[in-house]
Every structure is written in C-alpha cells, then in structure tokens.
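The structure under discussion appears below in the form of structure tokens.
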Amino acid sequence: MATLPEIQTLLGVPRFNWSDPTPWIELEQELGITFPTDFHEIVDAYGSFVINGQLYLEHPAGHLLHDLGTMIRNDLELWREEDMAEFLPSPVGAMPGELMPVATATTGEAVFLRVPDDSASPWRVVVQEFDSLAWTLYEMSFSDWLLAYLKGRDVTLCSRNLAPDGPSWKFLP
C-alpha cells in the first residue's frame, strides 16, 4: 500500500491536516462502513481538493462547501436509479461487494471503493467512465491507485495531458 509520504512527494505538502475524527465517525455510522485507513489519511491531509484540475476528492467535515457526505449521498441516489445501475459491476452501497462513490472527475469518471467481502479482504478501486459506459476494477488500494494516477499511469483517469509539469492540487472551499 502506498504511503502518505509517497503521495506527498508527488503532490506536495498538504495544508489541511485535519485531526478531529468526528466527521469520519458520523459519516461512517450513517453509511454503515469504515473507510480504509489510506483514504482517511490522504483526505485528512489535503481536505476537499482537486488534483490537476481533474480529480475531485472531498473531506467529510460538514462546514466545507464540498463535503464527502453530501457527495456520497447524492451519488448513491444517482447510481441507484434503474437506468444508471446497469453501468456498474455491482450495486452501490455499504454491503460487502458493493461500491461506495468517493471521487469524481471533470473528464467524466466516477471513482468507487469496493467494499470488501469480509474483514480479511482488501478494499479495491472501481472507476466508471460515463463516455464509454465501461468500468474497470483495480486490484489495488486507494493510495496505490492514486499514486499510479499521480505518476501518469493509465488508471482509467490519466493525468499525463493535464499535468505536463507534474501533479498539482488546490483546495476546494
């Protein structure tokens, strides 16, 4: 699993550095899951932010205009619609094998974490492309997937054309 220092090497020093677990606890209780540690660490470090003007990640702190809880609730509603559910490999939700939406992209992709089948199984990443209606399962942790994205590897989202001088990020309000 990629570490936060590896992400920071490519993305730069974070300035959000959230330490209060309350927003995570509240969101996880509402959804009935516990997000993977690597996802927590990255979002706690950077807050609600956009990478390369493309990939949007949000923090659960409710005082933020762009908060993870609102994004997840809206996306769960969208992906549960009959005409949208057919474009994913499994239903959205918090049950084992289901997909939890965690990020979006300006280039038309939705990023999900696949809820593990059991406590011994790892979290995985699924990316759905709106333009082709295809999806890809990545047998890697969120931090490994994000690190691959930051390095310009093709993980459905590709930053090569959007970050010719290397990855960049900025806060969302």
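Numbers here are sequence positions counted from 1. As the structure is a prediction and not an experimental result, all values here were calculated from the model.
- The line from CD of Glu26 to CG of Leu31 is 12.0 Å long, rounded to the nearest 0.5 Å.
- Of all heavy-atom pairs between Pro60 and Leu27, the closest is CB-CD2, 3.9 Å.
- Applying the salt bridge (charged side-chain N to carboxylate O under 4.0 Å, His left out) rule to pairs touching residues 34-55 yields nothing, sequence neighbours excluded.
- In this structure, the separation between CE on Met84 and CG on Leu78 is 4.5 Å, given to the nearest 0.5 Å.
- Pairs engaging residues 107-134 under the salt bridge (charged side-chain N to carboxylate O under 4.0 Å, His left out) rule: Arg114-Asp117, Arg124-Glu139 [sequence neighbours left out].
- With sequence neighbours left out, Trp135 forms a ring pair (Phe, Tyr, Trp, His ring centres under 6.0 Å) with no residue at all.
- Residues Ile7 and Val155 share a hydrophobic cluster, clusters being chains of Ile/Leu/Val/Met/Phe/Trp/Tyr side chains in contact below 4.5 Å.
- A 4.5 Å side-chain heavy-atom check between Gln8 and Val13 finds every atom pair outside the cut-off.
- Among residues two or more places apart in sequence or in another chain, the side chain to side chain donor-acceptor pair (under 3.5 Å) test is passed with Thr70 by Asp67.
- Heavy-atom minimum distance, Asp154 versus Tyr138: O-OH, 4.3 Å.
- Using modelled atom types, one finds a donor on one side chain and an acceptor on the other under 3.5 Å when comparing Asn52 with Tyr149.
- Shown here for Ser90 and Gly97, the closest heavy-atom pair between the two residues is OG-O, 2.8 Å.
- Considering Leu150, Thr106, Thr104, Leu146 in turn, Leu146 is the only one that fulfils the side-chain contact (heavy atoms from CB on, under 4.5 Å) rule with Leu55.
- Linking Ile, Leu, Val, Met, Phe, Trp and Tyr residues whenever their side-chain heavy atoms come within less than 4.5 Å places Leu99 and Leu133 in a single cluster.
- For the salt bridge (Lys or Arg N to Asp or Glu O under 4.0 Å) test, no residue two or more places apart in sequence or in another chain qualifies with Glu86.
- Counting only distance, with no hydrogens or angles, the side chain of Glu98 and the backbone of Met95 share a donor-acceptor pair below 3.5 Å.
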Would you sort out whether Val127 and Val125 count as a side-chain contact (heavy atoms from CB on, under 4.5 Å), showing the intermediate values? CA-CA 7 Å; Val127 181; Val125 176; 4.0 Å; yes

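- Glu6 is linked by a side chain to side chain contact (heavy atoms under 4.5 Å, CB included) to Ala2, Thr3, Leu147, counting only residues two or more places apart in sequence or in another chain.
- Side-chain atoms of Glu28 come within 3.5 Å of backbone atoms of Phe35 as a donor-acceptor pair (strictly under, hydrogens ignored).
- Here His40 pairs with Trp24 under the ring pair (Phe, Tyr, Trp, His ring centres under 6.0 Å) rule; sequence neighbours left out.
- Distance check, rounded to the nearest 0.5 Å: CD of Glu58 to CZ of Phe49 gives 10.5 Å.
- Applying the ring pair (Phe, Tyr, Trp, His ring centres under 6.0 Å) test to Tyr56 and every residue at least two apart in sequence or in another chain returns nothing.
- Linking ILVMFWY residues whenever their side-chain heavy atoms come closer than 4.5 Å, directly or via other members, places Val43 and Met100 in the same cluster.
- For Glu30, the salt bridge (Lys or Arg N to Asp or Glu O under 4.0 Å) partners two or more places apart in sequence, or in a different chain, are Arg73.
- Applying the ring-ring contact (aromatic ring centres under 6.0 Å, His included) test to every pair with at least one member in residues 73-99, sequence neighbours left out, gives these pairs: Trp79-Phe112, Trp79-Phe130.
- Note on Ile25: it does not cluster hydrophobically with Leu64, by side-chain heavy-atom contacts below 4.5 Å among ILVMFWY residues.
- Two residues are said to be in side-chain contact when any heavy atoms from C-beta on lie closer than 4.5 Å; Pro14 and Ile42 fail this criterion.
- Residue Leu57 forms a side-chain contact (heavy atoms from CB on, under 4.5 Å) with just one option from Ile51, Val111, Leu68, and that option is Ile51.
- With sequence neighbours excluded, the residues forming a side chain to side chain donor-acceptor pair (under 3.5 Å) with Asp20 are Thr22, listed by chain and number.
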Could you walk me through whether Phe142 and Phe39 pass the ring pair (Phe, Tyr, Trp, His ring centres under 6.0 Å) test, one step at a time? CA-CA 6 Å; Phe142 179 79; Phe39 182 71; 5.1 Å; yes

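- Residues Pro116 and Ser121 approach most closely at CB-O, 3.3 Å, considering heavy atoms.
- In the hydrophobic clustering of ILVMFWY residues, with side-chain heavy atoms under 4.5 Å counting as a link, Leu137 and Val115 come out together.
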Can you check side-chain contact (heavy atoms from CB on, under 4.5 Å) on Trp145 and Thr156, steps first, answer last? CA-CA 10 Å; Trp145 179 86; Thr156 307; 5.8 Å; no

Can you list, pair by pair, the side-chain donor-acceptor contacts under 3.5 Å of residues 164-173, counting residues two or more places apart and other chains?
from, atom 1, to, atom 2, distance (Å)
Trp169, NE1, Leu11, O, 3.3

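- In this structure, Ser143 contributes its side chain and Met1 its backbone to no donor-acceptor pair below 3.5 Å.
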